[in-house]
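Below is one structure; the comments refer to it alone.
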Amino acid sequence: EAGVVQSPRYKIIEKKQPVAFWCNPISGHNTLYWYRQNLGQGPELLIRYENEEAVDDSQLPKDRFSAERLKGVDSTLKIQPAELGDSAVYLCASSYVRDEQYFGPGTRLTVT
Amino acid sequence: TQLLEQSPQFLSIQEGENLTVYCNSSSVFSSLQWYRQEPGEGPVLLVTVVTGGEVKKLKRLTFQFGDARKDSSLHITAAQTGDTGLYLCAGFMEYGNKLVFGAGTILRVKS
C-alpha cells in the first residue's frame, strides 16, 4: 500500500515569494491533516479536513496561508507571501481511525 | 508551553544499554501514540495505547500508559544503533478532536 505522498521534498524561496505544497493521502483515508514542524519541536496542526470540508483551521494563519482539498482526495497548502519565520518542515498526514495518523516525508521549506 | 512534556530532551547511550523516555501532562487523553522520526522523514507510528495502565510490547520496546491517562513511558531494552531517532509522544484530545505532540526526545545509540 502506498503511503502519503508529498511534493516537493525541499523548497528554497526568497521572502515575499509564494510557495505551494502538495499532498496525496493514503487511499481510503477521509481525514487529511497539514502540520508544521519547527526545528526541535513536535508537529503542530495547521488544518484538518474531513473529506472536502476544513473542520479545524483554527491554527492556520489565514492572512497568508490557504489550503484546499478539492474532491476530497489530494490537497494543496499555499503560503503567500512567505516570511522568514515560515521556514520549517510541512507535514501532511492522513487517517482512517481518527487517532492513528500516517505521515508523509514532509517538505522542508527554507525562506531566505 | 507544551501540553505534553517529554524528558529527557536528548539521550546518548552505548549499544546494549537500556533506556526510558517519559511523556507527561496535566491533561487527560483518550489515547496516546508514540512515533519515531528519522532525519528528513515524517513521524512513523509505533504504538497506540488507550486504557489507563495499559502496557504494550513491541519487540524490545515497552510502552506504558499511566493509570490516569495523563502520562506515558517508552522503555527500550538493549538499544541498537538502528533505534537512533526522534521519539515523539502524541495525545489525542476528545475536546477539539485533535492530536497534540510533545517536543520529542532525540535518541542517539552509539556502537
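Lettering follows sequence order; numbering is per chain, from 1.
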Is there a chain of hydrophobic side chains (I, L, V, M, F, W, Y, each step under 4.5 Å between heavy atoms) that links [X] to [Y]?
{"X": "B:Val109", "Y": "B:Leu74", "answer": "yes"}
{"X": "B:Leu19", "Y": "B:Leu46", "answer": "yes"}
{"X": "A:Leu60", "Y": "A:Leu45", "answer": "no"}
{"X": "B:Met93", "Y": "B:Leu4", "answer": "yes"}
{"X": "B:Tyr87", "Y": "B:Leu32", "answer": "yes"}

Shortest non-hydrogen contact from A:Gly42 toward B:Leu88 =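 The answer is CA-CD2, 3.9 Å.
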For the [atom1] atom on [X], are there more than 12 heavy atoms of other groups (residues, nucleotides or ligands in this structure) within a distance under 6.0 Å?
{"X": "B:Lys57", "atom1": "NZ", "result": "no"}
{"X": "B:Gln9", "atom1": "CD", "result": "no"}
{"X": "A:Leu39", "atom1": "CG", "result": "no"}

Taking atom CD of A:Glu50 and atom CG of B:Asn97, what is their separation to the nearest 0.5 Å?
->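 Between atom CD of A:Glu50 and atom CG of B:Asn97 there are 7.0 Å.
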Kindly compute the distance separating CZ (B:Phe101) from OH (A:Tyr35), expressed to the nearest 0.5 Å.
->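 One gets 5.0 Å once the value is rounded to the nearest 0.5 Å.
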Contacting region of A:Tyr33 [heavy-atom separation from chain B under 4.5 Å] =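 The answer is neither part of A:Tyr33.
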Sub-4.5 Å side-chain heavy-atom contact between [X] and [Y]:
{"X": "A:Glu44", "Y": "B:Val100", "answer": "no"}
{"X": "A:Leu91", "Y": "B:Pro43", "answer": "yes"}
{"X": "A:Ser58", "Y": "B:Lys98", "answer": "yes"}
{"X": "A:Glu100", "Y": "B:Leu45", "answer": "yes"}

For B:Ile106, is it the side chain, the backbone, both, or neither that has a heavy atom closer than 4.5 Å to a heavy atom of chain A?
->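 No part of it gets close to chain A.
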Let me know if B:Glu41 has heavy atoms under 4.5 Å from chain A in its side chain, its backbone, both or neither.
->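 Its backbone and side chain both get close to chain A.
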When heavy-atom pairs shorter than 4.5 Å are enumerated against chain B, which of A:Arg48, A:Arg108, A:Gln6, A:Arg9 gives the highest number?
->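 Among A:Arg48, A:Arg108, A:Gln6, A:Arg9, the one with the most close pairs to chain B is A:Arg48.
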Classify the side-chain pair A:Gln37/B:Gln37 by whether it contains a donor and acceptor separated by less than 3.5 Å.
->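 Yes, side-chain donor-acceptor contact under 3.5 Å.
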